[in-house]
Every structure is written in C-alpha cells, then in structure tokens.
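When reading the values below, keep in mind they use all heavy atoms of this one structure, side chains included, and skip hydrogens, waters and symmetry mates.
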Amino acid sequence: MLSRRFLFNAFLLAILAIFLGISPLFGQSQVCARSPVIFADDGLRGQSLEVTSSIQDLEEYGMGDEASSVCVPEGWRVILYSDEGFRGDRLELQGTVFISDLKRDRPQGVNWGDRISSIQVFRPRPRFGGRVPSSCNEYPILFHDDGFRGGNLRLQDSESDLGRQGIGDGASSVCVPAGWRVVLYEHDRYGGDRLEIVGPDAIEDLKRDRPNNQNWGDRISSVQVYRERQVPGQPGQPGPGQPGTPAPLPVPTPSPPRPAPAPTPVPTQAPAECNYRPLLFMDGSFRGRSLRIDQSISDLHAQGWGDAASSVCVPSGWTVVLFSDTRFRGERLELRGRSAVADLHRAAGNWGDRVSSLQVVQGAPQTPSPQPPPPQSSALQVPCSDRPVIYADNNFQGRSLIITSSVADLHSLEMGDVVSSVCIPAGWQVDFYEDAGFRGRMLRLTTGSIADLNRARPDGTDWGDRISSVRISRTR
C-alpha cells in the first residue's frame with residue numbers, strides 16, 4: 001500500500017509539472033502585452049527592445065542583426081527587414097504572435113535569426129464606428145477638420161500634390177473603407193514620411209491619435225490610392241484576389257533597369273511641338289506645364305522639374321534617357337523616337353514623378369559620365385538683410401513671412417507646415433519647432449540661409465514643410 005508521504009510527494013510533482021508546462025505561456029502573455037518586443041536571445045530572453053514606432057536602423061539601438069526571438073501583441077502589425085532602411089527580405093507578422101527562435105522556427109521557411117536590421121510598426125487603431133459618415137463606406141476620404149468634419153476630398157486616384165485639390169497640409173482626419181489601401185505622404189510627389197492605412201479603418205484626429213507614433217495633422221501633401229479588391233455592395237471594378245486581408249504596400253527596393261515601353265506614334269492629343277522636339281509634361285496626357293528637353297540636364301530639381309514629370313514625348317530622330325537620380329545615376333529608362341508616354345505612372349513601370357536627370361541625344365544613345373554637382377550660385381539674392389524671413393518655396397521664393405517676434409502657431413498666419421527655405425541675417429537666432437506651441441523637435445539656426453530645408457537636411461533631418469512654430473531672439 002502506498003504511503004501518505006509518497007502520495008503527497010507525487011501530488012506535489014504533478015502540480016509542479018503542470019506549473020512548468022503552463023508557465024512559458026503565462027510569461028508570453030505578459031512579456032509584450034503593450035507593444036511588440038524583439039529579444040537578443042531565443043526563448044524571449046536576453047537584451048530586449050520594445051518597439052513602439054518604426055526604426056530604420058536597429059544598429060542605433062544596439063540590436064542590428066541581433067534579434068533571435070520576437071513577440072507581437074494583438075492588433076499590432078510588424079514588418080521585419082533584413083537590411084536597414086526597410087529594404088531587403090521582409091517578414092510580416094500580425095499579432096498575436098510569439099516566435100521563440102527565429103532561427104529554428106524558420107517563419108515563412110526562412111532563417112531570420114540575427115538578420116533583422118530594420119522594422120516597421122503599425123499600431124492598432126479603432127475600426128469604423130457610428131461617428132464616421134456613411135460615405136466612408138464607399139471611398140477613402142480626407143477631411144479638413146477632425147471628427148470627419150469640414151471640407152473633404154474623396155480619394156479615388158493617387159494625387160502627387162494635394163495642394164492642387166485645396167487640401168495640401170490641411171487634412172485632420174481620414175477614413176478608408178474595406179477593400180482599399182491608402183498611403184499618405186508628408187511631402188508632395190510622394191516624399192517624406194509615409195503612413196499606410198488598410199481599410200476598414202478611420203483616424204478621427206491625425207494630430208492627437210498620432211498614428212505610427214507621429215503627429216500627422218496638417219502634414220499630408222500627397223497620397224497613393226490602391227483598390228485591393230471588390231467589396232460586395234460597393235462601386236468600382238473588382239480587384240484581383242479573394243476577400244481577405246489586403247497585402248501590404250511593398251517597400252521600394254533597387255531593381256534592374258526597366259525596359260523602355262514599346263514606341264507608339266505620337267497621339268493626336270499631344271501638342272504639335274512633339275513632332276519636332278522632346279518635351280516633358282507636369283501632368284499626364286501631355287497636359288500642364290511643359291519643358292523643352294533638347295539638351296541633357298544633370299539636375300532637373302534646379303529647374304523646378306525634379307521628380308515632377310508625368311508624361312513625355314520624343315519625336316523621330318531623337319533618343320531620351322531618363323534617370324531616377326541626379327547626375328545621370330540610378331535607374332534608367334530609354335525612349336527612342338518616334339514615341340510618347342501619356343502616363344509615366346502606368347505605361348512605363350511607374351516612372352511618374354521620378355525623373356531627376358535626363359540625357360538627350362540625336363541618334364544612338366551615349367553613356368553619360370557622372371558630372372559633379374552644380375556649384376552653388378553666389379549670385380543668389382537673398383532678401384533678408386536685417387530681419388529673418390521664412391519662405392513657402394525653395395530658393396527663397398513663394399509666400400514669405402518676415403519674423404520679428406516669436407510665433408506660437410504659424411498655421412494662424414497660413415505658414416504652418418509649409419516653410420521650405422529660410423534666411424537669417426547677422427545678429428539673430430531662430431529656433432524652429434515641429435509642433436505648435438514651441439513643442440516637438442527643435443532646430444536652432446543663426447546667421448545664414450538654407451535654400452531647401454528638405455535636401456539640405458540641417459542636423460541630419462528633413463525640415464521641409466514641417467515647421468509649426470518659431471522662437472526668435474537677438475544675439476547682439
């Protein structure tokens with residue numbers, strides 16, 4: 001007959017076994033209850049990093065190519081990348097997910113141990129509620145005011161410059177119905193920070209809700225719109241695939257040179273001038289501003305045409321080579337006349353708003369040699385001899401404002417989130433702030449000028465169209 005002590009010890013061992021069996025699950029449920037976490041060791045152990053916003057280079061946090069396990073809580077979406085800058089191989093995780101060994105578990109059949117160099121994080125956001133207008137069930141919509149109020153813009157197609165629609169840097173709320181995906185950009189021509197929204201979703205206040213841990217109020221300047229699939233009962237053409245979670249927008253990665261589109265006769269809607277010389281057009285279908293391109297241009301930005309062309313025509317006897325970067329670098333697209341591309345976004349593998357330099361020849365194309373960057377012109381006249389001035393456009397152009405005292409909210413003067421160049425005369429110090437009320441990131445400048453806050457990147461940050469308040473003082 002078994003002794004009582006034996007039975008008691010067996011009972012304790014059984015309790016201990018049960019506890020040990022469920023303790024890992026208990027630990028997992030607690031370790032990332034608030035936000036995603038990556039760990040240096042397997043088993044969700046070792047050095048850890050709580051990831052509440054996207055990180056372009058994990059090396060800056062001591063976790064570059066170090067992660068061995070990861071957990072993602074419910075409602076969060078995380079994309080892991082093998083290279084910094086959201087490039088290379090990618091692994092998407094939708095919470096709730098626990099991967100205790102990225103090497104041995106081989107998610108998606110790949111060894112991800114010690115390979116993660118950057119990470120994108122998408123916070124959970126509230127889904128459609130009763131306060132969202134019924135029109136949000138048909139198309140994505142941007143609203144001027146928070147709470148889905150005020151003037152609005154229905155987003156049926158991509159728009160490289162929302163200023164042309166009267167809502168550039170002016171949106172405060174957004175809704176996206178099921179079956180749609182929208183990517184919002186900080187700058188026009190799809191530049192700067194980006195925010196991806198997959199429907200159904202709605203953000204009632206882009207400033208206070210801080211999607212992706214950033215203030216997006218009055219910051220959106222361009223938008224890409226994607227119809228993922230047809231939703232029963234909604235207008236529009238059916239999209240590919242079956243109902244389900246829409247695929248995430250792929251992050252651009254370097255690709256081999258794209259072949260030129262098949263030459264086509266210059267259409268009748270193209271201007272007659274297309275029969276004699278090559279032309280770039282700001283808008284599709286050969287509309288909007290045009291630029292005669294009868295000679296090579298190493299930097300289209302210097303002429304106000306960088307990343308702005310949407311259509312192009314090339315007459316007989318000419319050859320034009322388009323480049324994605326200045327000084328004839330990056331991806332290239334060769335066009336031989338007689339040809340015309342009415343929509344560079346679609347007809348040529350999405351070259352719309354991407355051309356930064358071009359070579360123009362007659363006859364066979366020649367391989368251009370890289371040219372040095374154009375020298376800074378010392379003759380540029382900067383009109384700020386005695387007081388600081390901020391400008392809405394690059395190169396000290398466009399709407400301007402003379403600053404003689406601190407301004408807590410530049411939006412009240414119609415200069416919030418639009419400043420592109422600044423000039424500060426001797427004897428002044430100016431502190432620029434990203435948010436109103438002298439809050440957020442700060443940039444301090446003294447005597448000097450910056451013709452392009454986007455490309456100059458003072459203190460290593462793109463400050464174009466981001467300044468919301470300014471504090472000023474005299475240094476002498």
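Between Ser468 and the options Asp218, Asp417, Asp435, a side-chain hydrogen bond (donor to acceptor under 3.5 Å, both in side chains) holds for only Asp417.
The stretch residues 435-476 participates, sequence neighbours left out, in these ring pair (Phe, Tyr, Trp, His ring centres under 6.0 Å) pairs: Tyr433-Phe438.
For Ser290 (side chain) and Phe281 (main-chain N/O), no donor-acceptor pair under 3.5 Å exists by modelled atom type. A distance-only check finds no donor-acceptor pair linking the side chain of Asn395 to the backbone of Gln397 [under 3.5 Å]. With Glu186 contributing its side chain and Gly192 its backbone, the two residues share no donor-acceptor pair below 3.5 Å. Remark: the backbone N or O of His144 is paired with a side-chain donor or acceptor of Ser172 at under 3.5 angstrom. Checked by atom type and distance alone, the side chain of Gln94 pairs as donor or acceptor with a backbone atom of Trp76 at under 3.5 Å. When atom types are taken as modelled, the side chain of Ser420 and the backbone of Asp452 share no donor-acceptor pair closer than 3.5 angstrom.
Remark: Asp205 engages Arg208 in a salt bridge (Lys or Arg N to Asp or Glu O under 4.0 Å) (not counting sequence neighbours). Val355 pairs by the side-chain contact (heavy atoms from CB on, under 4.5 Å) definition with Leu300, Leu322, Trp351, not counting sequence neighbours. Listed by chain and residue number, nothing satisfies the salt bridge (Lys or Arg N to Asp or Glu O under 4.0 Å) test with Asp57 (two or more places apart in sequence, or in another chain). Residues satisfying the salt bridge (Lys or Arg N to Asp or Glu O under 4.0 Å) test with Asp307, not counting sequence neighbours, are none. Residues that satisfy the salt bridge (Lys or Arg N to Asp or Glu O under 4.0 Å) test with Arg115, not counting sequence neighbours, are Asp89.
Between Arg354 and Glu331 there is a salt bridge, since a side-chain N of the basic residue sits under 4.0 Å from a carboxylate O of the acidic one. Salt bridge annotation for Arg77-Glu196: present, with a cationic side-chain nitrogen under 4.0 angstrom from a carboxylate oxygen.
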Item to complete: Please report the C-alpha distance between Ser356 and Asp299 in whole Å, then the side-chain angles of each, then the deciding distance to 0.1 Å, and finally whether the side-chain hydrogen bond (donor to acceptor under 3.5 Å, both in side chains) criterion is met.
Response: CA-CA 6 Å; Ser356 294; Asp299 187 356; over 6 Å; no
Fill in: salt bridge (charged side-chain N to carboxylate O under 4.0 Å, His left out) evaluation trace for Asp283 with Arg164
CA-CA 12 Å; Asp283 300 330; Arg164 293 182 294 203; 3.1 Å; yes
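The side-chain heavy atoms of Leu410 and Val470, taken from C-beta on, include a pair separated by under 4.5 Å.
Taking CH2 of Trp428 as the start and OG of Ser473 as the end, the distance is 9.0 Å to the nearest 0.5 Å. The structure places CD1 of Ile472 at 6.5 Å from CD1 of Ile403, a figure rounded to the nearest 0.5 Å.
Judged purely by distance below 3.5 Å, without hydrogens or angles, the side chains of Asp188 and Ser222 never pair a donor atom with an acceptor atom.
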